[in-house]
Amino acid sequence: MKQIDRIMIKARKLSGARGEVCVALVLPSEPGWSAVTHIWDRVEGHAPRIESSLHDTMEEAVQAVYTLAEQYPNKQDIALIIADV
């Protein structure tokens with residue numbers, strides 16, 4: 001799976017994908033966990049694109065956020081909010 005992730009990251013870079021992760025949420029969702037990641041192109045007035053996915057465990061959802069953060073790196077620290085209450 002990591003090899004596939006690396007290939008996807010290289011393909012994304014070669015395609016000239018723009019944007020960076022600006023905030024991410026990991027939320028409980030029946031029957032598992034949701035990873036919701038906002039990717040913004042840094043153009044004022046543009047709304048962020050929202051990537052969401054469902055996972056069996058909280059750890060898998062957090063890993064999905066990390067994968068997107070590798071594909072859309074941000075030069076600053078970003079907020080990763082995990083709602084596990």
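Bear in mind the structure is a predicted one, so any value in this text is a computation, not a measurement.
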**Prompt:** If you look at every heavy atom in Y72 and R49, which pair is closest and at what distance?
**Reply:** OH-NH2, 2.9 Å
**Request:** Kindly write out the residues that satisfy side-chain contact (heavy atoms from CB on, under 4.5 Å) with E59, not counting sequence neighbours, or none if the list is empty.
**Result:** T57
**Message:** Run the side chain to side chain contact (heavy atoms under 4.5 Å, CB included) test on V26 and W33 for me, step by step, so that the C-alpha distance in whole Å, both residues' side-chain angles and the decisive distance to 0.1 Å come before the verdict.
**Reply:** CA-CA 7 Å; V26 174; W33 290 82; 3.8 Å; yes
**Student check: side-chain heavy atoms of V21 and H38 closer than 4.5 Å** = no
**Prompt:** Are Y66 and I81 joined in one hydrophobic group, where the rule is that I, L, V, M, F, W and Y side chains link up if heavy atoms are under 4.5 Å apart?
**Reply:** no
**Request:** Start with the C-alpha distance between I78 and V23, add both sets of side-chain angles, then the distance that settles side chain to side chain contact (heavy atoms under 4.5 Å, CB included), and finish with yes or no.
**Result:** CA-CA 6 Å; I78 64 164; V23 68; over 6 Å; no
**Request:** Taking side-chain contact (heavy atoms from CB on, under 4.5 Å) as the test, write out the residues that go with S52, two or more places apart.
**Result:** V36
**Fill in**
Interatomic distance, CD@E60 vs OG@S53, rounded to 0.5 Å, equals 10.0 Å
**Request:** With rounding to the nearest 0.5 Å, note down the distance linking CD in Q76 to CD in E20.
**Result:** 7.0 Å
**Prompt:** A61 and A35: which non-hydrogen atoms are nearest, and at how many Å?
**Reply:** O-CB, 3.6 Å
**Request:** Could you grab the distance from atom CD of Q71 to atom OG1 of T37, nearest 0.5 Å is fine?
**Result:** 10.0 Å
**Prompt:** Excluding sequence neighbours, so at least two apart, what forms side-chain contact (heavy atoms from CB on, under 4.5 Å) with L54?
**Reply:** S29, S34
**Asked** Is there side-chain contact between V62 and L80, with heavy atoms separated by less than 4.5 Å?
**Response** yes
**Fill in**
Of all heavy-atom pairs linking A24 and V65, the shortest is CB-CG1, 3.5 Å
**Asked** When you look at E51 and L68, which way does the side chain to side chain contact (heavy atoms under 4.5 Å, CB included) test go after all the steps?
**Response** CA-CA 9 Å; E51 295 278 336; L68 281 174; 3.8 Å; yes
